[in-house]
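Labels below follow one simple rule: chain letters A, B, ... track the order of the sequence lines, proteins then strands, and each chain is numbered from 1.
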Amino acid sequence: MPETRILFKHIDVPGIDRIDVYEQHGGYQSLRKAVLDMTPESVAQEVMTSNLRGRGGAGFPTGRKWSFLPKDGRTRYLVCNADESEPGTCKDQELIYKNPHLLIEGVAASAYAIGAEDAFIYLRGEFKVGYAILERAIAEARAKGYVGDDVLGSGRRIEITLYLGAGAYICGEETALLNSLEGKRGQPRLKPPFPATAGLYGMPTVVNNVETLAAVVPILEMGGAEYSKLGSEKSAGTKLFSVSGTVRNPGNFEVELNKVTLRELVYDLAGGPLEGREIKGIIPGGSSVPILTPDKFDVALDYESLAAAGTMLGSGGVIVLDDHSCIVKSTLRLMEFYRHESCGFCTPCREGTMWLDQVLERIEAGLGRPGDLEMLADLCVNIEGRTFCPLGDAAIGVLKSGLELYHEEYQAHIDQGCCPLGEVVR
Amino acid sequence: MNAERLAKARELLEAFPQKSSALIPILHLVEEEFGWIPEEEVAVVADLMGYTPAYVESVLSFYTLFHRQPTGKYLIQVCRGLSCQVRGADELSKFLYEELGVQRSGTTEDGMFTVEAVECIALCKDAPAVQINLEFYPDMTPEKMQAFLDKARQEVPSDA
Ligand SMILES: Cc1cc2nc3c(=O)[nH]c(=O)nc-3n(C[C@H](O)[C@H](O)[C@H](O)COP(=O)(O)O)c2cc1C
Ligand code: SF4
Ligand code: FES
């Protein structure tokens with residue numbers, strides 16, 4: 001099953017991070033076309049027609065999101081979410097580090113489309129090298145007139161400002177990100193108002209993921225209608241999937257949505273299980289979504305099919321666990337993460353993740369008690385749908401599904417007072 | 001902060017549509033210079049921004065990349081995310097703790113190395129992943145780690 005490389009078409013071209021090489025491969029033609037031949041409205045219309053959906057996790061249609069900006073003459077901002085901190089996800093990282101101009105071109109074209117003069121790229125603090133790569137690329141783009149006060153002589157001003165976060169998963173959530181970008185604690189904001197009406201500095205703001213904004217470049221190149229023919233009607237285009245965990249050939253793979261199954265992605269593209277192992281579960285959309293057992297591996301990779309299978313496409317971070325990976329240890333590891341990353345603002349999330357972590361810890365240590373599994377399930381119920389922001393639901397995604405699907409493995413830890421897999425870690 | 005960074009910090013005050021956005025970039029300057037955020041510098045930053053030190057404190061304490069204690073010359077951050085864990089992150093950490101004689105999140109007595117267990121650093125396909133002074137080290141093994149430590153130790157003059 002082949003990849004369909006559109007965003008990753010030139011990812012391995014040597015020197016593609018330099019503007020002359022990028023231009024030799026057709027780079028900045030989409031921006032040129034947008035700014036010189038099209039109105040902002042017609043660029044936005046192409047994106048609407050393309051049926052592109054947000055690649056950051058929630059899958060909201062990008063053209064519709066842009067259309068929510070009020071037409072009231074206030075300053076508008078575009079913010080690119082390059083926080084990429086959903087465990088299991090590393091696609092934005094590869095794109096930024098290897099092909100920074102693709103992102104810059106997508107950001108500039110999108111800023112033009114929505115009528116924003118200032119765009120910001122918010123990078124997670126760990127992407128310090130990526131920051132330097134983008135900084136150089138923006139300087140190159142400025143020298144060629146692709147960003148700056150008068151883009152390509154069109155009279156339009158488009159500035160791109162980089163911002164480095166400082167280590168906090170919650171800053172990937174768009175309103176927390178906006179607070180962080182304003183120099184504050186990265187606490188989520190109450191919605192509504194949504195960023196489209198009151199975002200950065202209280203102004204109308206669009207927040208989009210790196211991959212979403214990069215996709216605007218091929219959309220303008222081939223036209224929205226042509227792009228929409230890729231994938232299916234509701235899941236158009238290609239998507240980057242990061243496959244990690246216990247497979248032979250982990251990596252980022254770009255496939256047409258709806259045309260490839262999870263099994264093909266993991267067994268063919270990512271090489272399947274390690275020598276002598278068997279895959280026992282796959283978390284398909286980053287560490288926040290329900291896990292799938294082997295009977296579900298033939299699900300097509302698209303938003304609807306994964307939802308029908310009881311999980312989510314999410315960020316496209318596909319985490320593979322095999323028969324040597326303990327489900328208790330794995331869910332404990334995730335819960336430690338969510339407990340640590342809970343911003344502490346609301347009680348169900350702050351206290352709930354703490355208790356879940358503690359109970360899982362004692363089960364993993366062989367000190368589980370009868371009733372612990374029921375307690376875990378109860379704690380999940382008390383978090384689900386009751387938290388201020390979606391991190392609460394994210395925290396229980398794998399655990400809640402895992403408790404049902406791998407019940408015996410959890411029970412065995414309690415009954416035997418140890419891990420039935422023994423001390424196998426890898 | 002040294003004069004050069006202070007000048008940069010002053011520039012940052014004007015670099016965003018609103019001044020408040022300068023706080024985190026300025027704190028990065030401090031962290032870069034000292035390897036952590038010393039108490040006195042909190043006051044300097046507060047002064048620059050026109051905030052109280054307590055407010056600056058409340059913001060910086062939210063972010064894990066701002067350290068409240070000195071870190072070593074090399075900040076070694078070992079990813080313990082799930083994708084790395086199932087590919088040997090635990091062995092890697094154990095190796096480092098034993099080799100350097102530190103606990104999780106500790107600094108060697110000579111101030112050379114700080115080891116930290118951190119959450120997913122977006123390098124999951126190259127697990128187990130390590131970050132040293134915010135540079136990525138993909139597909140790490142105890143052997144590669146050992147080679148790095150040896151090289152780092154050699155680069156330091158013997159009386160240091
Ligand atoms: C806890 C949490 C973490 C998130 N982390 C990220 C992230 O790292 N990157 C990202 O693009 N979106 C992340 N999101 C989704 C954003 O809130 C937002 O939906 C997204 O940036 C919108 O862009 P899109 O429409 O292009 O997908 C996160 C959401 C939540 C609730
Ligand atoms: S759900 Fe968690 S992360 Fe979100 S606001 Fe509440 S405490 Fe903070
Ligand atoms: S889990 Fe280690 S880099 Fe993502």
Contact part of [X] toward chain B, heavy-atom cut-off under 4.5 Å: side chain, backbone, both or neither?
| X | answer |
| --- | --- |
| A:Asn252 | both |
| A:Glu159 | neither |
| A:Leu200 | neither |

Is atom [atom1] of [X] surrounded by more than 12 heavy atoms (other residues, nucleotides or ligands) closer than 6.0 Å?
| X | atom1 | value |
| --- | --- | --- |
| B:Gln69 | CD | no |
| B:Lys8 | NZ | no |
| B:Lys144 | NZ | yes |
| B:Gln18 | CD | yes |

Distance-only, no hydrogens or angles: does the [X] side chain make a donor-acceptor pair with backbone N or O of [Y] under 3.5 Å?
| X | Y | result |
| --- | --- | --- |
| B:Arg87 | A:Val247 | yes |
| B:Ser20 | A:Glu182 | yes |
| B:Tyr63 | A:Gly125 | no |
| A:Arg333 | B:Arg80 | yes |
| B:His28 | A:Gly165 | yes |
| B:Thr64 | A:Gly167 | yes |
| B:Ser21 | A:Gly183 | no |

Between [options], which has the largest tally of heavy atom pairs under 4.5 Å with chain B?
| options | answer |
| --- | --- |
| A:Tyr169, A:Tyr163, A:Phe337 | A:Tyr163 |
| A:Glu86, A:Lys184, A:Gln187 | A:Lys184 |
| A:Cys90, A:Pro87, A:Ala166 | A:Ala166 |

Is any side-chain heavy atom of [X] closer than 4.5 Å to a side-chain heavy atom of [Y]?
| X | Y | answer |
| --- | --- | --- |
| B:Glu32 | A:Lys128 | yes |
| B:Leu82 | A:Ser330 | yes |
| A:Glu126 | B:Leu65 | yes |

At what distance, to the nearest 0.5 angstrom, does [atom1] of [X] lie from [atom2] of [Y]?
| X | Y | atom1 | atom2 | result |
| --- | --- | --- | --- | --- |
| B:Ser83 | A:Leu321 | OG | CG | 8.5 Å |
| A:Glu94 | B:Leu123 | CD | CG | 10.0 Å |
| A:Glu341 | B:Cys120 | CD | SG | 10.5 Å |
| B:Leu134 | A:Tyr131 | CG | OH | 13.5 Å |
| A:Leu334 | B:Glu119 | CG | CD | 9.0 Å |
| A:Ser180 | B:Phe62 | OG | CZ | 8.0 Å |

Choice from B:Ala22, B:Pro25, B:Ser61, B:Cys79 maximising heavy atom contacts with chain A below 4.5 Å |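 Between B:Ala22, B:Pro25, B:Ser61, B:Cys79, the count favours B:Pro25.
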
Decide side chain to side chain contact (heavy atoms under 4.5 Å, CB included) for A:Ser242 and B:Lys125; before the verdict, give the C-alpha distance in whole Å, the side-chain angles of both, and the deciding distance to 0.1 Å.
-> CA-CA 7 Å; A:Ser242 307; B:Lys125 70 184 174 64; 5.8 Å; no

Whether A:Phe127 and B:Phe136 hold their rings parallel, tilted or perpendicular, with breakpoints at 30° and 60° =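 Because their plane-to-plane angle is over 60°, the rings of A:Phe127 and B:Phe136 count as perpendicular.
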
Start with the C-alpha gap between B:Ile24 and A:Leu164, add the side-chain angles, then the distance that decides, and say whether side chain to side chain contact (heavy atoms under 4.5 Å, CB included) holds.
-> CA-CA 8 Å; B:Ile24 291 170; A:Leu164 199 59; over 6 Å; no

Nearest atoms (heavy-atom pairs only) where [X] meets [Y]:
| X | Y | value |
| --- | --- | --- |
| A:Thr161 | B:Phe16 | CG2-CE2, 3.7 Å |
| A:Arg185 | B:Ser58 | NH1-O, 2.6 Å |
| B:Cys124 | A:Ser244 | O-CB, 3.5 Å |

Which atoms of B:Gln131 approach chain A - backbone, side chain, both or neither, heavy atom under 4.5 Å |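 When you check distances to chain A, only side chain atoms of B:Gln131 fall under 4.5 Å.
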
Could you list which of residues 44-55 of chain B have a heavy atom closer than 4.5 Å to any heavy atom of chain A, in residue-number order?
->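 Residues of residues 44-55 of chain B touching chain A at under 4.5 Å: B:Tyr55.
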
